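Before any comments, here is the structure.
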Protein chains: 2
Amino acid sequence: MYSGVMSTPDRLIEATRDLLWERGYVGTSPKAIQRLAGAGQGSMYHHFQGKQELALAAIVRTAALLREAADQALTGPGTAYGRIEAYLTREREVLRGCPVGRLTTDPDVMADARLRAPVDETLGWLRGRIAEIVQEGVDAGEFGPDTVPDEIAATVVATVQGGYVLARASGSAAPFDAAVRGLLALLAPPPGRAPARRPSPPA
Amino acid sequence: MYSGVMSTPDRLIEATRDLLWERGYVGTSPKAIQRLAGAGQGSMYHHFQGKQELALAAIVRTAALLREAADQALTGPGTAYGRIEAYLTREREVLRGCPVGRLTTDPDVMADARLRAPVDETLGWLRGRIAEIVQEGVDAGEFGPDTVPDEIAATVVATVQGGYVLARASGSAAPFDAAVRGLLALLAPPPGRAPARRPSPPA
DNA sequence: GTCTATAACATGATAGAC
DNA sequence: GTCTATCATGTTATAGAC
């Protein structure tokens with residue numbers, strides 16, 4: 001149940017976001033949404049056409065928030081390596097998994113173009129944004145000249161998404177953290193090359 | 001529907017394996033299993049206590065097959081790098097995702113200790129097996145002495161699991177392949193160090 | 001806007017005939 | 001072993017009163 005300051009539509013969307021994250025689309029019933037939102041049957045169908053439209057609103061909102069949080073870690077000062085490190089080590093509810101990536105296992109979401117689009121766009125944007133940063137790192141000499149930014153970006157995002165899987169399987173955040181540390185060790189410029197962790201201070 | 005040579009229990013298990021892979025536990029109904037297996041209601045409940053026991057048999061079998069396939073790529077001749085490469089690039093139905101990893105997003109599977117155990121054990125075994133190989137690579141001088149095998153192993157498995165997520169989100173195997181290539185590029189011993197791709201031929 | 005009633009169908013199983 | 005009832009409950013709405 002949510003604080004009384006939210007409107008009924010907002011409470012319905014928040015309830016749907018939580019349930020989609022925890023149980024997925026197939027496992028989330030209108031009744032469960034109504035219960036969690038503290039809204040009645042008639043109320044829900046007054047504000048939304050049905051489960052599908054409500055899920056769309058929830059997914060769009062979740063995608064926007066994820067993108068915002070990721071961008072905050074990725075944009076800002078620091079070396080390319082440092083910003084990728086910031087993204088990889090930002091605070092996460094690891095055992096809950098990724099609220100967007102999770103939807104890729106939901107057949108009813110993937111079969112519906114409107115529900116699927118925000119998922120595709122969010123992860124696509126994330127790979128693109130990280131690839132830009134890797135390219136900056138190549139230009140700055142942090143990463144070797146043979147580095148392929150799109151590939152490294154895919155590896156970075158996959159490590160995070162897969163880290164969630166390992167964490168949930170084991171019931172512990174440890175494998176997620178291990179995967180991130182392993183990736184950072186592989187990414188770290190060899191000592192002696194270029195700005196290792198911090199950009200050289202202005203002269 | 002499955003070939004007539006399988007017993008009814010086997011057809012039920014195979015049908016359940018397929019449906020769990022595609023739709024998860026929550027999204028798989030006894031009726032759907034019966035339809036796909038070509039078995040009646042009474043038949044299913046004669047051979048299995050219910051959906052849960054059938055799912056357990058299906059998950060155990062899927063886990064065993066995955067382990068077998070992974071072990072085949074990981075065990076055998078070649079350098080540590082070469083065996084990890086063989087594992088990462090082995091044939092996969094990328095867009096279907098991992099039949100074991102997929103279950104980690106299923107709340108009813110994760111809430112049931114018996115259903116969850118094979119998932120946890122399989123991914124745990126995989127990380128351990130890969131860590132052994134990384135350790136061999138460190139001993140052989142393929143990987144640097146500061147390499148932490150458990151971490152690299154977690155990164156390798158996470159890249160695969162996350163690669164599936166990216167592939168399914170985009171509807172294309174390309175991001176999976178990109179993530180794998182990115183990881184292999186990071187893992188590759190720098191030219192000049194140790195056996196790059198092939199063990200030195202016997203003198 | 002919210003409520004209750006109703007509906008048509010699916011779910012997950014049990015019972016007992018064959 | 002397989003089949004057809006049967007059942008209580010859940011799902012995903014629609015209809016219409018308030």
Side-chain angles (χ1 to χ4, degrees), chain A residues 1-59 103 106-112 114-115, chain B residues 1-59 103 106-116:
Chain A
M1 196 79 85
Y2 302 93
S3 137
V5 300
M6 289 175 70
S7 69
T8 298
D10 279 350
R11 290 202 318 279
L12 285 164
I13 291 175
E14 288 306 306
T16 305
R17 295 211 309 127
D18 277 356
L19 288 168
L20 284 182
W21 194 354
E22 186 171 335
R23 303 196 46 82
Y25 185 85
V26 176
T28 296
S29 70
K31 183 180 282 191
I33 294 170
Q34 293 152 27
R35 254 179 45 89
L36 188 57
Q41 179 100 329
S43 195
M44 181 190 122
Y45 283 102
H46 173 76
H47 293 290
F48 297 92
Q49 286 191 10
K51 175 179 170 174
Q52 194 197 1
E53 200 205 317
L54 193 38
L56 178 58
I59 292 173
L103 299 169
D106 218 310
D108 291 8
V109 170
M110 300 319 279
D112 183 319
R114 294 172 66 220
L115 296 181
Chain B
M1 194 78 83
Y2 301 94
S3 135
V5 301
M6 290 175 71
S7 68
T8 297
D10 279 350
R11 290 202 318 279
L12 285 164
I13 291 175
E14 288 307 306
T16 305
R17 297 212 308 127
D18 277 356
L19 289 167
L20 284 182
W21 194 354
E22 185 169 336
R23 303 196 45 81
Y25 185 85
V26 176
T28 296
S29 70
K31 182 181 282 191
I33 295 170
Q34 293 152 26
R35 252 179 45 88
L36 187 57
Q41 179 100 327
S43 195
M44 182 190 123
Y45 282 103
H46 172 76
H47 293 290
F48 297 92
Q49 285 190 10
K51 175 179 170 175
Q52 193 197 3
E53 201 206 314
L54 193 39
L56 178 58
I59 292 172
L103 300 169
D106 218 311
D108 291 8
V109 170
M110 299 318 279
D112 181 320
R114 294 173 65 219
L115 296 181
R116 179 195 184 141

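Protein chains get the first letters and strands the later ones, always in sequence-line order, with residue 1 at the start of each. Nothing here was measured: the structure is a model prediction, and the numbers come from that model.
Rounded to whole Å, the distance from CD on A:Q41 to P on C:dA5 is 12 Å. The CZ atom of B:F48 sits 11 Å away from the P atom of D:dT2 (whole-angstrom rounding). Atom-to-atom, NZ of B:K31 to C1' of D:dT6 comes out at 14 Å; the value is rounded to the nearest Å. Between the CZ atom of A:R23 and the C1' atom of D:dT11 there is a distance of 13 Å, rounded to whole Å. When the P atom of C:dT11 is taken as reference, atom CZ of B:R35 falls 11 Å away, rounded to whole Å. Computed from coordinates, the A:Q34 CD to D:dT14 P distance equals 13 Å when rounded to whole Å. Taking atom CD of A:E53 as the reference point, atom P of D:dT14 lies 12 Å away to the nearest angstrom. Whole-Å rounding puts the A:M44 CE to C:dT4 C1' distance at 16 Å.
A:D108 places none of its side-chain heavy atoms less than 4.5 Å from the side chain of A:D112.
Distances shorter than 4.0 Å separate none of the side-chain N or O atoms of A:H46 from OP1 or OP2 on C:dC3. At least one side-chain nitrogen or oxygen of A:K51 sits closer than 4.0 Å to the OP1 or OP2 atom of D:dT12. Of the side-chain N and O atoms in B:T8, none sit less than 4.0 angstrom from OP1 or OP2 of D:dG1. Contact annotation: B:S29 reaches the phosphate of C:dT11 (side-chain N/O to OP1 or OP2, under 4.0 Å).
Partner of A:L54 under the side-chain contact (heavy atoms from CB on, under 4.5 Å) criterion, out of A:L20, A:I33, A:I59: A:I33 alone.
Between the side chain of B:Q34 and the main chain of B:P30, a donor-acceptor pair closer than 3.5 Å is present. No donor-acceptor distance shorter than 3.5 angstrom exists from the side chain of B:Y25 to the backbone of B:A55, with no hydrogens or angles considered. Listed for the B:R23 side chain is no donor-acceptor partner under 3.5 Å among the backbone atoms of B:T28.
Of the candidate nucleotides C:dT14, C:dT2, D:dT2, C:dT14 has the atom nearest to the side chain of B:Y45.
When each of A:V26 and A:G42 is assigned the nucleotide of DNA chain D bearing its nearest heavy atom, the one mapping closer to the 5' terminus is A:V26.
Within the 4.0 angstrom heavy-atom criterion, only backbone atoms of the sugar-phosphate kind lie near A:G40; the bases stay farther away.
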